[in-house]
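Data block below; observations after.
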There are 2 protein chains.
Amino acid sequence: MIKFNRTTEYGLMALRHMSRKQLMDPSEVTSAREVADTYGLPFEITAKTLLRLKDSGLIQSAHGAKGGYTLQKSLEQISLAEFLDLMEGRQSLVACAIDSDESLLDCAYGNRCEIKHVMGRLNEKVARFLSGIQLSEITQESFNKGSSP
Amino acid sequence: MIKFNRTTEYGLMALRHMSRKQLMDPSEVTSAREVADTYGLPFEITAKTLLRLKDSGLIQSAHGAKGGYTLQKSLEQISLAEFLDLMEGRQSLVACAIDSDESLLDCAYGNRCEIKHVMGRLNEKVARFLSGIQLSEITQESFNKGSSP
DNA sequence: TGAAATCGGACTCTAGCTATCGTATATCAG
DNA sequence: CTGATATACGATAGCTAGAGTCCGATTTCA
Ligand code: FES
Ligand code: FES
């Protein structure tokens with residue numbers, strides 16, 4: 001149903017790591033090697049993940065020895081929806097209802113399926129839900145525990 | 001991020017079909033062949049899907065010619081969370097946080113990962129969100145369009 | 001000059017989703 | 001009784017995306 005892929009989680013772990021480090025000294029840089037070694041992650045994938053975060057504008061990079069990454073955007077300004085878009089690409093509940101318009105693209109049953117429109121609206125509902133979650137809620141401890149159980 | 005698999009959508013299409021049919025005459029039965037032919041779905045998978053719905057107690061089966069399936073449970077009593085559990089198995093945002101307890105099972109980074117607890121709470125939040133959606137909202141037209149944008 | 005870092009591509013391996021085939025069993029109509 | 005139409009069930013193949021690995025190029029600091 002709903003599941004993060006590995007790179008998404010690696011990215012969250014890295015962002016949390018950098019966020020905590022830069023709380024004290026904002027000039028501190030973090031290398032992919034450091035993140036991988038700290039948490040036991042595969043180095044190459046960690047490097048690719050950080051590169052992706054950099055290409056997305058979330059972090060900054062510095063080449064060469066003593067180089068590494070630093071946070072560029074405040075994690076309060078990024079929603080989980082945006083982050084998932086960046087890491088895993090825009091997804092949809094069903095293949096043919098990413099947007100209400102470009103629907104029939106890769107769905108063979110688009111013309112006969114009667115639940116497409118409903119799926120589109122449900123999709124928007126999910127997107128709103130994910131947009132309401134700040135990345136800082138995840139990378140910091142103290143994630144809102146009790147709501148209405 | 002979040003995506004239904006095919007059998008889940010086939011199941012929803014079938015439930016909607018049966019629901020509409022039985023609105024007028026509750027004694028009407030629906031065969032897998034009928035569903036598959038109506039919507040152009042592969043027959044074998046449709047049959048397997050309906051069988052799964054029957055094993056889950058959502059629908060009833062009648063063997064032999066003139067046999068088929070009939071709705072057993074009211075679709076208002078089933079949440080999207082339950083349905084996804086039935087169709088795709090209990091899933092989690094991350095591999096190691098299905099429940100707050102049995103966490104470290106199949107996650108290699110469980111001991112070092114610092115976002116596991118947060119992921120667990122986020123997972124519960126998603127579950128509450130999906131539990132708040134009735135299956136009838138999907139199988140009927142008129143899915144709640146505007147909430148808080 | 002070498003070590004450490006970002007950058008980039010190509011490749012394998014695997015698990016899970018999707019689909020198909022074949023077969024057994026049950027029921028109704030004639 | 002027989003054939004048509006159902007459900008029920010298992011085995012299997014193809015495919016795709018995810019995850020991980022390997023190799024190389026470039027940049028920068030000491
Ligand atoms: S939304 Fe694609 S077949 Fe229904
Ligand atoms: S929750 Fe599994 S590694 Fe973080």
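Letters go in sequence order (proteins before strands), and every chain restarts at 1.
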Distance in Å, B:Leu58 CG paired with B:Met18 CE, rounded so as to fall on 0.5 Å steps: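 B:Leu58 CG to B:Met18 CE: 9.5 Å, rounded to 0.5 Å.
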For the atom pair CG (B:Asp85) and OG (B:Ser79), what is the distance rounded to the nearest 0.5 Å?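 Answer for the CG-OG pair, B:Asp85 versus B:Ser79, is 8.0 Å.
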Close N/O contacts between protein and nucleotides 16-19 of chain C (under 3.5 Å):
unit_1, atom_1, unit_2, atom_2, d
C:dT18, OP1, B:Arg6, N, 2.8
C:dT18, OP2, B:Arg6, N, 3.0
C:dA19, OP2, B:Tyr10, OH, 3.2

For B:Leu50 and D:dA8, what is the distance between atoms CG and C1' respectively, to the nearest whole Å?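 Value for this atom pair: 12 Å.
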A:Glu9 CD to D:dG18 C1': how many Å, rounded?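 Roughly 14 Å, once rounded to whole Å.
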Give a yes or no on whether A:Val29 and A:Leu51 share a hydrophobic cluster (residues Ile, Leu, Val, Met, Phe, Trp, Tyr; joining criterion: side-chain heavy atoms under 4.5 Å apart).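 No, because A:Val29 and A:Leu51 fall into different hydrophobic clusters, even though each may have its own neighbours under 4.5 Å.
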Is any side-chain heavy atom of A:Arg52 closer than 4.5 Å to one of A:Thr7?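 Of all side-chain heavy-atom pairs linking A:Arg52 with A:Thr7, none is under 4.5 Å.
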Members of residues 22-34 of chain B that approach DNA chain D, where some heavy atom sits under 4.0 Å away: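 Going residue by residue through residues 22-34 of chain B, the ones with a heavy atom under 4.0 Å of DNA chain D turn out to be B:Ser31, B:Ala32.
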Where along residues 51-60 of chain A does a heavy atom come under 4.0 Å from DNA chain D, residue by residue in number order?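 When residues 51-60 of chain A is checked for heavy atoms under 4.0 Å from DNA chain D, there are no hits whatsoever.
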Listed partners of [X] passing side chain to side chain donor-acceptor pair (under 3.5 Å), at least two apart:
| X | answer |
| --- | --- |
| B:Ser31 | none |
| B:Ser56 | none |
| A:Gln22 | none |

In plain terms, say whether A:Glu9 and A:Arg6 are close enough for a salt bridge, that is, a side-chain N and a carboxylate O under 4.0 Å apart.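 The answer is yes: the pair qualifies as a salt bridge.
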Taking all atoms of both residues into account, what is the closest heavy-atom pair of [X] and [Y], and its distance?
| X | Y | result |
| --- | --- | --- |
| B:Glu88 | B:Asn5 | OE2-N, 3.1 Å |
| B:Ser61 | B:Lys54 | OG-CE, 3.6 Å |
| B:Ala32 | B:Ala47 | CB-CA, 3.8 Å |

Would you give me the side-chain donor-acceptor pairs under 3.5 Å for residues 66-77 of chain A, sequence neighbours excluded?
unit_1, atom_1, unit_2, atom_2, d
A:Ser74, OG, A:Glu76, N, 3.3
A:Ser74, OG, A:Glu76, OE1, 3.2

With the criterion being N/O to N/O and under 3.5 Å, what pairs connect the protein with nucleotides 28-30 of chain D, and how long is each?
unit_1, atom_1, unit_2, atom_2, d
D:dT28, O2, A:Ala65, N, 3.1

Looking at residues at least two apart in the chain, or sitting in another chain, which of them share a ring pair (Phe, Tyr, Trp, His ring centres under 6.0 Å) with A:Phe83?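 In terms of ring pair (Phe, Tyr, Trp, His ring centres under 6.0 Å), with neighbours along the sequence ignored, A:Phe83 is linked to no residue.
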Qualifying residues under side-chain contact (heavy atoms from CB on, under 4.5 Å), relative to A:Leu80, sequence neighbours excluded: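 Partners of A:Leu80 by the side-chain contact (heavy atoms from CB on, under 4.5 Å) criterion, ordered by chain and then number, come out as A:Phe4, A:Leu84, A:Leu130, A:Ile133, A:Leu135, A:Ile138, B:Leu122.
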Which stems, defined as runs of 3 or more consecutive Watson-Crick or G-U wobble pairs with both pairing distances under 3.5 Å, involve DNA chain C?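 For DNA chain C the paired stretches long enough to count as stems (3 pairs minimum) are C:1-30 with D:1-30.
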If you assign B:Tyr69 and A:Phe43 each to the DNA chain D nucleotide with the nearest heavy atom, which residue ends up on the more 5' nucleotide?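 Comparing both residues, the 5'-ward one is B:Tyr69.
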Distance-only donor-acceptor hits, side chain of residues 33-43 of chain A, under 3.5 Å, sequence neighbours excluded:
unit_1, atom_1, unit_2, atom_2, d
A:Glu34, OE1, A:Lys21, NZ, 2.9
A:Glu34, OE2, A:His17, NE2, 2.9
A:Glu34, OE2, A:Lys21, NZ, 2.8
A:Thr38, OG1, A:Glu34, O, 2.6
A:Tyr39, OH, A:His17, ND1, 2.8
A:Tyr39, OH, B:Glu114, OE1, 3.4

